[in-house]
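I have placed the structure first, in the form of structure tokens, so that the comments after it can refer back to it.
Computed over heavy atoms, backbone and side chain alike; hydrogens, waters and symmetry mates excluded.
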Amino acid sequence: MDTKARLGRERVWMVDPLDGTKGFIAGTGDFAVQIGLAEAGESVLGVVYAPATDVMYWAARGRGAWVERPVETEASSSRVERLRVSGNTDLQSMRLAESRSHRGPKMDTVVRALGIREEIKSHSVGIKVGLIVERQCDVYIHLSGKTKQWDTCAPEAILREAGGLMTDLWGEPLRYNTPDVLNRNGLVSTNGVVHTTVVGRIIPLLAEFGRAR
């Protein structure tokens, strides 16, 4: 679909058949299939499936966020659970979901400013958000403007319904009805309760980095 036709639609499906290409190539299992639905430019539905682990996350606006994972029992081969992010407000005790291949000096500066001491690395945006909704991590930050709308549409819906929040680096909402499909202002994903604090610590650093919204 061309840009004009896409922008003229109230509802747009955003599909990423392979989120985390480097993880797929490396054989780490850090990749996912993602299907998101945007209405009036807002993410309202998301499905993220990790083939390597057979784990699927899904959410719809007002319906909560859920995970289905394999369980080998006589009664059932899978288990469905409702998801809820952590309520942790202590940055030093939080874990950061970090990209395996995008780390640089600027990200080191951000991590020091936040005081976060533990990190879990992954290639896929969807799987990193999965770490947050499963309470294995609390924060995910992507400084560059290279993620695309189909990378974030499904994960954002899942994170929001689990009680978390995803915005750009300045704390502004992501939009899914813009001509440019790149999220040029980066990403901040958190458990929600620390979102304002995290963004507040990042914004002064963005000025030092020469970044402007």
Legend entry - Residue pairs, two or more places apart or on separate chains, that pass side-chain hydrogen bond (donor to acceptor under 3.5 Å, both in side chains) and touch residues 34-51: R11-E39, E42-R61, Y49-D54

Legend entry - Note, L169 side chain near V199 side chain (heavy atom, < 4.5 Å): no

Legend entry - Minimum heavy-atom distance V12-R9, with the two atoms named: CG2-CB, 3.9 Å

Inset, instruction - State, with a plain yes or no, whether a side-chain heavy atom of V198 is found less than 4.5 Å away from one of V188. - result: yes

Legend entry - Working for side-chain contact (heavy atoms from CB on, under 4.5 Å), residues L206 and W170: CA-CA 9 Å; L206 298 175; W170 283 265; 3.5 Å; yes

Legend entry - Which atom of L131 lies closest to which atom of A97, heavy atoms considered: CD1-CB, 4.2 Å

Legend entry - Test log, rule side chain to side chain donor-acceptor pair (under 3.5 Å), inputs R117 and Q92: CA-CA 6 Å; R117 299 171 181 173; Q92 291 189 354; 3.0 Å; yes

Legend entry - Test side chain to side chain contact (heavy atoms under 4.5 Å, CB included) applied to A65 - qualifying residues, sequence neighbours left out: A59, L83, I158, E161, A162

Inset, instruction - Output every pair passing side-chain hydrogen bond (donor to acceptor under 3.5 Å, both in side chains) with a member in residues 204-213, not counting sequence neighbours, ordered by first then second residue. - result: D168-R213

Legend entry - Pair D180 + R184, salt bridge at N-O below 4.0 Å: yes

Legend entry - Close side-chain approach of M56 to V47, heavy-atom, < 4.5 Å: yes

Inset, instruction - Can you tell me which residue pairs pass the salt bridge (Lys or Arg N to Asp or Glu O under 4.0 Å) test with a partner in residues 131-153, sequence neighbours excluded? - result: R69-E134

Inset, instruction - Measure across R6 and P179 and return the closest heavy-atom pair with its distance rounded to 0.1 Å. - result: NH2-O, 3.2 Å

Inset, instruction - If a pair satisfies side-chain hydrogen bond (donor to acceptor under 3.5 Å, both in side chains) and one of its residues is in residues 187-196, list it, with sequence neighbours excluded. - result: S86-N191, T167-H195, T190-H195

Legend entry - F24: ring-ring contact (aromatic ring centres under 6.0 Å, His included) partners, not counting sequence neighbours: F31

Legend entry - Any V33 side-chain heavy atom under 4.5 Å of D16 side chain: no

Legend entry - Heavy-atom closest contact (G29 atom, A52 atom, distance): CA-CB, 3.6 Å

Inset, instruction - For residues N177 and Q149, report the shortest heavy-atom separation together with the two atoms involved. - result: N-OE1, 4.4 Å

Legend entry - Shortest non-hydrogen contact from I127 toward A50: CD1-CB, 4.4 Å

Legend entry - Under 3.5 Å donor-acceptor, K128 side chain and Y140 backbone: no

Inset, instruction - Side-chain contact test, heavy atoms from C-beta onward, threshold under 4.5 Å: evaluate it for V67 versus V80 and give yes or no. - result: no

Legend entry - Polar side-chain atom of W66 near backbone of R63 as donor-acceptor pair, under 3.5 Å: yes

Inset, instruction - Show your reasoning for whether side-chain contact (heavy atoms from CB on, under 4.5 Å) applies to V125 and E156. - result: CA-CA 10 Å; V125 174; E156 182 185 0; over 6 Å; no

Legend entry - Criterion side-chain contact (heavy atoms from CB on, under 4.5 Å) against V129, the qualifying member of V48, L187, L159: L159

Inset, instruction - Answer yes if Y176 and V44 sit in the same cluster of Ile, Leu, Val, Met, Phe, Trp and Tyr residues linked by side chain heavy atoms under 4.5 Å apart, and no otherwise. - result: no

Inset, instruction - Would you kindly say whether E98 and S122 are connected by a side-chain donor-acceptor distance under 3.5 Å? - result: no

